[in-house]
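One is the number of the first residue; the rest follow in order along the sequence. What you see below is based on every heavy atom in this structure, not just the backbone, and it leaves out hydrogens, waters and symmetry mates.
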Amino acid sequence: MKAGRKRYILSFLLIFILLGLVIWWNICSGSISLTGEQIRQILLGDQENGTAYNIIWEIRLPRILAALLLGGALSVSGFLLQTFFGNPIAGPYVLGISSGAKLVVAITMIAFLGKGITLSSWGMVAAAFLGSLLAMGFVLLVSVRVHDMSMLVVCGIMIGYICSAITDFCVTFADDSNIVNLHNWSLGSFSGMTWQSVRLMAVLVLLGVCVSFLLAKPISAYARNMGVRIGLLRVLLILLSSILSACVTAFAGPISFVGIAVPHLVKTLTKTAKPLLLIPGCFLGGAVITLFCDGIARTVFAPTEISISSVTAVLLVPVVLVMMLKKRRGSL
């Protein structure tokens with residue numbers, strides 16, 4: 001067996017082992033402790049009622065699946081953006097795309113809740129997608145004139161700050177009940193997930209990831225500046241990265257640094273730049289890291305839950321800094 005293929009197998013095997021461990025940890029942990037035997041009986045259908053059953057099936061499992069799906073979506077979105085811009089620190093959060101989605105969702109929520117109308121999941125996704133496209137449009141306009149990597153990132157951060165400032169301004173003048181809803185959502189959290197939400201995000205996320213995987217060969221050619229229909233592929237990359245990041249923002253709010261750090265961690269683990277391997281690797285790696293961070297967010301200070309973006313920032317910012325320093329040393 002070739003050394004490269006052996007490394008790929010071992011890398012994915014490690015990711016699957018970690019995935020199983022974090023899933024089991026998140027099922028077991030929480031403000032209410034459950035034994036392994038209780039969990040086994042509930043999962044196998046031997047126990048179909050009671051408090052423990054509701055905790056597992058109505059609270060923890062939907063939350064776990066949501067973290068897996070949305071974490072994977074965020075990571076794949078980051079990989080697509082890094083490929084599109086040829087920029088190793090491009091990502092939905094840094095480039096202001098998540099903030100743009102947050103702005104449009106916040107304005108839409110205020111408008112609907114002010115009239116006593118609850119915004120549906122489809123409405124949240126549509127609003128977030130529109131916001132993602134608007135923010136992406138501004139970034140693309142800037143990228144035409146700015147070719148320096150650091151300046152593009154700075155411009156993306158500025159766009160994010162502007163969107164966040166407008167969001168805060170809108171929230172300030174919203175009704176008190178709306179402010180509570182917006183505040184909890186804007187911090188980033190997987191709490192309150194339902195099976196209906198999980199089904200919707202599963203359709204959107206898995207469809208987006210599957211299309212990205214089918215485009216692996218054109219993406220590889222694009223990254224190497226080889227002959228490929230650049231115009232169409234760029235449009236597809238923008239649409240896919242926008243809808244994946246929009247799903248995350250719509251259902252869980254803005255989540256920082258997963259989209260930047262995970263693709264680099266997967267590249268380091270697999271020692272490859274092949275999209276055919278990196279796309280599923282990023283999805284699984286993003287799922288593992290996001291679920292791990294969510295477990296920390298809800299258990300460290302239980303029953304108080306902290307923002308998942310706080311946890312991802314603490315754990316993943318060092319990864320981004322090390323990656324930037326390595327790139328800097330390599331360019332000297």
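No side-chain heavy atom of Arg60 sits less than 4.5 Å from a side-chain heavy atom of Ser29. When side chains are defined from C-beta on, Ser212 counts as touching Leu80, because their heavy atoms get closer than 4.5 Å. By the 4.5 Å heavy-atom criterion applied to side chains, Ile255 and Val248 are counted as neighbours. Within the 4.5 Å cutoff, side-chain heavy atoms of Leu61 are placed close to those of Leu43. Between Val205 and Val76, the closest side-chain pair of non-hydrogen atoms is not below 4.5 Å. For the pair Ile39/Ile56, a side-chain contact is recorded, criterion being any heavy-atom separation below 4.5 Å from C-beta on.
Annotation: the span from Phe283 atom CZ to Ile279 atom CD1 amounts to 12.0 Å, rounded to 0.5 Å. Cys247 SG to Leu74 CG: the interatomic distance, rounded to the nearest 0.5 Å, is 11.0 Å. In this structure, CD1 in Ile296 is found 12.0 Å from OG in Ser310, a value given to the nearest 0.5 Å. Distance check: Thr299 OG1 to Ile306 CD1 gives 8.5 Å after rounding to the nearest 0.5 Å.
A side chain to side chain contact (heavy atoms under 4.5 Å, CB included) with Leu18 holds for exactly one of Val288, Ile23, Leu13; it is Val288.
Judged purely by distance below 3.5 Å, without hydrogens or angles, the side chains of Ser189 and Glu305 pair a donor atom with an acceptor atom.
Environment of CZ in Phe138: sparse, with no more than 12 heavy atoms of neighbouring residues, nucleotides or ligands closer than 6.0 Å.
Contact detail for Ser241 and Met136: the closest heavy-atom pair is OG-CE, 3.6 Å.
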